[in-house]
Amino acid sequence: MRPILLTPGARPGVWRGALAWTEEDGGWQPWRLPPERIATAHAPVLATRARMPAGVRAAVRTDAAALELRTWAAAGDVTSLDVTVDGALWRRTALAAGAATSHVELPPGAKAVEVWLPQFGEVRIGPLVLHGATYATAAPGAGPRWVTYGSSITQCRSAAGPSETWPALVARRLGWELTCLGFAGECHLDPVAARAIARTPADLISLCLGGNVHGFASMSARTFPGQVSGFVQAVRDAHPSVPIAVLTPITSPPRERLPNQVGMTRDEVRAAVADAVRTLRRCGETRLHLIDGPGVLGPGDAHLLLDDALHPDADGYRLMADRLTPRLAAVAAH
């Protein structure tokens, strides 16, 4: 029995979560922003983050006895590869820089298999190879299409694995099709990101805004609220009837009242996001919703932050998923 090979684009619907794929050095490179437009951001780090496959996965129904995936990871930190079977984590494989082949034995019989690529680290892939399979079909679409944009708190480097980032957990619990546009350190309301969201089919959009703007002092009290409004309106123009949730930054106790280089505290950044959302609602944006970040992970949850008192640990991301699942479900139903 010959192995079945599944490459991006060969069977529509198998590989999900990437906006584009390019062939590079004998492998396939996933992109979470349009590669033909990424230069217009003038942000090399954003381009690097866009090549990191957070939320990118293969979803297939098969009776395969095993699977195999060749990966090439760029130098630097790279997180794990997760394989789920019928919705539950089956194997987690640590990856390191360089070329590697992951081989995973699968349980017998028909099953739904997902292969989640690392949420952090640049990774190219070869074909997904299914051994001992008589068939392989794209798993049925999970349901509503969800696009979420944000910073490292959305990319979730310190999650237990790529299937346990908070967006992945929420999507799996609610049966949503996830496109994760979380870019560590690079959530600065870039027009290329707004254009990407605009061109991506969606039934729900969530935007986690403000954390990087405070940390990098990339905007001031004068410019930031207007940029939030402009970003949201650009997304709205492309998705006139889609519910949009805007999340303010989660807690970071040392930074709440600490002015950055342009004089804004994290609490003031949060207030600016909320003011922009309320202003847009007064202008008629009835399908725009505000979610308070400290209500998702607040001062009482500070023990779930890493030593930097900024990024959640694995349990922190699980708690974020627990709290965001019902809130985002309510937005989607609005």
Side-chain angles (χ1 to χ4, degrees), residues 8 15-21 28-33 45-59 69 71-84 87 89-97 100 102 104 114-125 128 142 146-173 176-187 193 196 200 206 208 211-212 247 250 296-297 304-306 308 310-321 324-325:
W15 284 99
R16 303 171 181 179
L19 271 60
W21 295 83
W28 289 86
Q29 172 63 55
W31 286 88
R32 294 183 300 124
L33 289 173
V45 177
L46 177 60
T48 297
R49 298 290 189 258
R51 293 167 63 91
M52 295 182 176
V56 178
R57 69 248 177 236
L69 185 68
T71 55
W72 294 266
D77 292 339
V78 60
T79 52
S80 65
L81 182 81
D82 279 2
V83 176
T84 69
L89 181 64
W90 176 253
R91 291 288 184 273
R92 175 165 290 149
T93 303
L95 295 182
S102 299
V104 177
E114 289 187 334
V115 180
W116 290 76
L117 300 183
Q119 76 270 28
F120 195 88
E122 289 184 70
V123 177
R124 288 179 291 113
I125 64 167
L128 176 62
W146 172 36
V147 179
T148 188
Y149 168 69
S151 65
S152 57
I153 310 301
T154 299
Q155 190 171 359
C156 307
R157 178 180 184 174
S158 54
S163 66
E164 292 190 84
T165 66
W166 75 257
L169 288 170
V170 170
R172 289 165 60 205
R173 291 171 185 175
W176 291 352
E177 281 290 339
L178 170 67
T179 299
C180 179
L181 304 182
F183 305 110
E186 293 297 318
C187 181
T200 303
S206 58
C208 305
N212 290 156
L247 288 71
I250 63 170
V296 177
L297 203 72
L304 297 176
L305 298 175
L306 299 177
D308 62 4
L310 179 63
H311 295 93
D313 61 16
D315 287 335
Y317 284 126
R318 293 187 187 102
L319 180 60
M320 288 184 66
L324 280 167
T325 296

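Along the sequence shown, the residues carry numbers beginning at 1. Because the structure is predicted, anything quoted here is derived from the model rather than measured.
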Engineer: Of all heavy-atom pairs between Leu304 and Gly316, which one has the smallest distance, and what is that distance?
Structural biologist: CB-CA, 3.8 Å
Engineer: Could you tell me which non-hydrogen atom of Trp116 sits nearest to which non-hydrogen atom of Leu81, and how far apart they are?
Structural biologist: O-CD1, 3.4 Å
Engineer: At what distance, to the nearest 0.5 angstrom, does CG of Leu181 lie from CD of Glu186?
Structural biologist: 13.5 Å
Engineer: Is there a side-chain contact between Ile125 and Trp28, using heavy atoms and a 4.5 Å cut-off?
Structural biologist: yes
Engineer: Any donor and acceptor pair, going by atom type alone, linking the side chain of Arg32 with main-chain N or O of Cys180 inside 3.5 Å?
Structural biologist: yes
Engineer: Can you measure from CE (Met52) to CG (Leu117) and round to the nearest 0.5 angstrom?
Structural biologist: 13.5 Å
Engineer: To the nearest 0.5 Å, what is the distance between OG1 on Thr325 and CH2 on Trp176?
Structural biologist: 8.0 Å
Engineer: When you compare the side chain of Leu95 with that of Ser102, does any pair of heavy atoms fall below 4.5 Å?
Structural biologist: yes
Engineer: Show the atom names and distances, to 0.1 Å, of all donor-acceptor pairs under 3.5 Å that link a side chain in residues 166-173 to residues at least two apart or in another chain.
Structural biologist:
| from | atom 1 | to | atom 2 | distance (Å) |
| --- | --- | --- | --- | --- |
| Trp166 | NE1 | Ile153 | O | 2.8 |
| Arg172 | NH1 | Ser163 | O | 2.5 |
| Arg172 | NH2 | Gly87 | O | 2.8 |
| Arg173 | NH1 | Asp322 | OD1 | 2.8 |
| Arg173 | NH2 | Asp322 | OD1 | 3.1 |

Engineer: Looking at every non-hydrogen atom in both residues, tell me the closest pair between Ala193 and Leu33 and how far apart they are.
Structural biologist: CA-CD2, 4.0 Å
Engineer: Which pair of heavy atoms, one from Ala74 and one from Ala97, lies closest together, and at what distance?
Structural biologist: O-CB, 3.6 Å
Engineer: Checking side-chain contact (heavy atoms from CB on, under 4.5 Å) for the pair Leu305/Leu297: CA distance, chi angles, key distance, verdict?
Structural biologist: CA-CA 9 Å; Leu305 298 175; Leu297 203 72; 3.8 Å; yes
Engineer: Give me the atom names and distance for the closest heavy-atom approach of Pro53 to Pro118.
Structural biologist: CG-O, 3.2 Å
Engineer: Measuring from Gln29:CD to Trp21:CH2, what's the distance to the nearest 0.5 Å?
Structural biologist: 8.0 Å
Engineer: For the side chain of Glu114 and the backbone of Arg57, is there at least one donor-acceptor N/O pair under 3.5 Å apart?
Structural biologist: no
Engineer: Checking Arg49 side chain against Ala184 main chain: does a donor-acceptor pair fall under 3.5 Å?
Structural biologist: yes
Engineer: Might you work through the side-chain contact (heavy atoms from CB on, under 4.5 Å) test for Glu177 and Trp146, ending with a clear yes or no?
Structural biologist: CA-CA 6 Å; Glu177 281 290 339; Trp146 172 36; over 6 Å; no
Engineer: Could you give the distance from OG (Ser206) to OH (Tyr149), rounded to the nearest 0.5 Å?
Structural biologist: 12.0 Å
Engineer: State, to 0.1 Å, how close Leu89 and Arg91 come at their nearest heavy-atom pair, and which atoms those are.
Structural biologist: CD1-O, 3.7 Å
Engineer: Is there a side-chain contact between Leu247 and Thr154 (heavy atoms, below 4.5 Å)?
Structural biologist: no
Engineer: With rounding to the nearest 0.5 angstrom, report the CG to OG distance, Asp308 to Ser152.
Structural biologist: 8.5 Å
Engineer: Under the 6.0 Å and 45° cation-pi test, does Arg157 pair with Phe120?
Structural biologist: yes
Engineer: Verify, without hydrogens or angle tests, whether Thr79 (side chain) and Gln119 (backbone) share a donor-acceptor contact under 3.5 angstrom.
Structural biologist: yes
Engineer: Would you find a donor on one side and an acceptor on the other, under 3.5 Å apart, between the side chain of Asn212 and the backbone of Cys187?
Structural biologist: yes
Engineer: Checking Thr48 against Glu122 for the side-chain contact (heavy atoms from CB on, under 4.5 Å) test, could you report, in this order, the C-alpha distance in whole Å, the side-chain angles of both residues, the deciding distance, and whether it holds?
Structural biologist: CA-CA 7 Å; Thr48 297; Glu122 289 184 70; 3.4 Å; yes
